[in-house]
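Here is the structure we will look at.
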Amino acid sequence: MENQKFQHPEGKIQLMNGTFIDCYPLQQPEGEIDNSFRLDTTGEYLVISRKKRTPQEIEQRKEEEAKAKQAEDYFAANAFLFFDNRERILADSRMFLAPVPVQNGLMYTGTSGFQKPTLGVYIEWWQNCLSSNITDKRDHWLIYHFGGSPLSGFNISSAVNANGEKRELNIMSFSHLWRQFVEINKRYDDAKKRYEAYTIDKVIELLKSDVRTIDTRLKSDAFFLTQEIERKKAELEKKVYDSSEREKYRQTLIEFDEQYKELSKQLSFNKFAPVGFWIDIHKIHKNLSAILPTNECKRLYVSFLQYVVDALKKETEQIVEREAENRKQQIFAEIEARKDAVVNFYIEYQAREKQLEEYEKQYKAEVAELKHRLRAGSIGNKGYQKAFTPLRKNMEQRKFDLDHFKVKSINEIFGRGDSISDGGYFEYIKDFLKARK
């Protein structure tokens, strides 16, 4: 993560797509921004010891947190206003460098790497990080705040849609999410201290003075759908294992490419020649209006993108179903070859399971009696725990013994070694025996 600081030309900043935009130097540069990674020393993210706060400090902290939450909510409420107008923000350094009042962070390292993000940082992050935006059955969503563990990957991330509705979720590819944010944020640290920037309020005022058009909304829809296509393609590639499935997947992409070429004949591309595949329109650094000059063209394009998303999802589901059926038939063949041993195991398992169920009834009755005596006052908490603990441990041991018998027997029958699980064979055994009754 500690890459050499990116050098921008004097008086300019260079965006990630290579574009240069002019900046407005401050008469007095601001203080240095240190976004290097280090262990948190505030006690908020890495708790070693925490000083007890006075009532005045607690009250002040509450007020600060309330103000920060209000500013964060205001930013989230306007996230889609910013995103829909991303081309304008990426062309104006004062908008690009507008400070965003949202503080992200990680366990152990705190806010290092996340200091003083700007509006342009968020725009470039939303555009370049697949994990930073989501498309589901209902809507498109932008991640605007996140925090979590860089080790386990567990996180709580906040997303907002165009209607201002919010949701919290755990992003699976969290490392990708925060690492790309840090990389983009650090890229502009020098510019943040040297050049003029609007406030978020000023940016909102300027953007709201313009009329929001159908064109703006369609451009954003096209972006989100192309992002979703990339995710679906990646998901499909992970699920394609054998050569026959890879060939089917390749044929699917070829079919989409042919449809894209057919669609391109209906649209006015204005001197832009698609080189193949639908996503290249989005990836070139041109205003979509210059390529698709009418709203009807844009609607056709967006409709096709939605069709591709749905088709890729269906293709993924079909591959999963085929793989599940292939695995089922493979395991059924293994069970058939060891049918006698499997039947004997299952008869013994059912007998042991029946014994466990009978004991569990007895266990619940004894626990209920103990609770009754505790409520009646005939025994105290200490006496209750002394009697209850061995009952609970015995119940847990019996459950463990049954599970151990199941796993050990299946692994012996199918020669799976000393695996600590049955590899899903038990459910297949039940389905196999049920199908042959």
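Hydrogens, waters and symmetry mates play no part in the numbers below; they use all other heavy atoms, side chains included.
Salt-bridge formation is detected for the pair R167/D136: a Lys NZ or Arg NE/NH1/NH2 atom is positioned less than 4.0 Å from an Asp or Glu carboxylate oxygen.
Atom NE2 of H372 sits in a sparse spot, with 12 or fewer heavy atoms from other residues, nucleotides or ligands closer than 6.0 Å. For Y307, the OH atom counts as loosely surrounded, since its 6.0 Å shell holds 12 or fewer non-hydrogen atoms of other residues, nucleotides or ligands. Counted within 6.0 Å of CD on Q70, heavy atoms from surrounding residues, nucleotides or ligands total 12 or fewer; the atom is thus considered open.
Put simply, the side chain of I156 does not reach to within 4.5 Å of the side chain of N170, judged on heavy atoms. Side-chain contact between T19 and L90 is absent, with no heavy atoms from C-beta onward closer than 4.5 Å. The shortest side-chain heavy-atom distance between L142 and S132 does not fall under the 4.5 Å cut-off. The shortest side-chain heavy-atom distance between Y346 and F426 falls under the 4.5 Å cut-off. The shortest side-chain heavy-atom distance between K371 and V367 falls under the 4.5 Å cut-off. Between N78 and I200, the closest side-chain pair of non-hydrogen atoms is not below 4.5 Å. For the pair T135/Q227, no side-chain contact is recorded, criterion being any heavy-atom separation below 4.5 Å from C-beta on.
Proximity of a side-chain donor or acceptor of N161 to a complementary backbone N or O of N163 within less than 3.5 Å is detected. R373 places no side-chain N or O within 3.5 Å of a backbone atom of G380 that could act as its donor or acceptor partner. Using a distance-only test at 3.5 Å, with no hydrogens or angles considered, no donor-acceptor pair links the side chain of S409 to the main chain of K406. The main-chain N or O of K192 is never found under 3.5 Å from a side-chain atom of K116 such that the two would form a donor-acceptor pair. A side-chain donor-acceptor contact under 3.5 Å links N155 to the backbone of G153. In this structure, the side chain of N411 engages the main chain of V407 through a donor-acceptor pair within 3.5 Å. Judged by distance alone, with hydrogens and angles left aside, the side-chain atoms of R187 form no donor-acceptor pair with the main-chain N or O of E183 at under 3.5 Å. Panel note: side chain N128, backbone E124; a donor-acceptor pair is recorded below 3.5 Å.
Remark: aromatic rings of Y122 and W125 are close, center separation under 6.0 Å. When ring centroids are compared, F75 and Y144 stay outside the 6.0 Å threshold. Side-chain rings of F6 and H8 approach one another, their centers coming within less than 6.0 Å.
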TODO: Evaluate the salt bridge (charged side-chain N to carboxylate O under 4.0 Å, His left out) criterion for residues R327 and E323: first the C-alpha distance (whole Å), next the side-chain angles of each, then the deciding distance (0.1 Å), finally the verdict.
DONE: CA-CA 6 Å; R327 176 169 169 77; E323 287 182 347; over 6 Å; no
TODO: Decide ring pair (Phe, Tyr, Trp, His ring centres under 6.0 Å) for F181 and F146; before the verdict, give the C-alpha distance in whole Å, the side-chain angles of both, and the deciding distance to 0.1 Å.
DONE: CA-CA 10 Å; F181 188 95; F146 58 85; 5.5 Å; yes
Task: Test log, rule side chain to side chain contact (heavy atoms under 4.5 Å, CB included), inputs Q127 and M16 - done: CA-CA 10 Å; Q127 286 194 140; M16 292 180 68; over 6 Å; no
TODO: Report the C-alpha separation of R392 and E396 in whole Å, then their side-chain angles, then the decisive distance to 0.1 Å, and conclude whether the salt bridge (charged side-chain N to carboxylate O under 4.0 Å, His left out) test is met.
DONE: CA-CA 6 Å; R392 175 180 58 78; E396 290 174 352; 3.3 Å; yes
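Between the CD atom of Q103 and the CD atom of E72 there is a distance of 10.0 Å, given to the nearest 0.5 Å. Rounding to the nearest 0.5 Å gives a distance of 6.0 Å between CG of L356 and CD of E360. Rounded to the nearest 0.5 angstrom, L119 CG and I89 CD1 are separated by 4.0 Å. Distance check, rounded to the nearest 0.5 Å: CD of Q362 to CG of L391 gives 9.0 Å.
A cation-pi arrangement is found for R398 relative to Y359, the charged atom lying closer than 6.0 Å to the ring centre and inside a 45° cone about the ring normal. The cationic atom of R86 (NZ for Lys, CZ for Arg) lies less than 6.0 Å from the six-membered ring centre of F223 and within 45° of the ring axis. Cation-pi contact between R352 and F405: present, with separation from the ring centre below 6.0 Å and deviation from the ring axis of at most 45°.
Residues T118 and V100 share a closest heavy-atom pair of C-CG2, 3.4 Å. Between V102 and H145 the shortest heavy-atom distance is CG1-CD2, 3.6 Å. For I143 against I134, the heavy-atom pair with the smallest separation is CD1-CD1, 4.0 Å. Contact detail for S149 and Y108: the closest heavy-atom pair is OG-CE1, 4.0 Å. Closest approach of F80 to H140, counting heavy atoms only: CZ-O, 3.5 Å. When all heavy atoms of V342 and I413 are compared, the closest pair comes out as CG2-CG2, 4.1 Å.
Using the six-membered ring where Trp is involved, F83 and F224 have ring planes that are tilted, between 30° and 60° apart.
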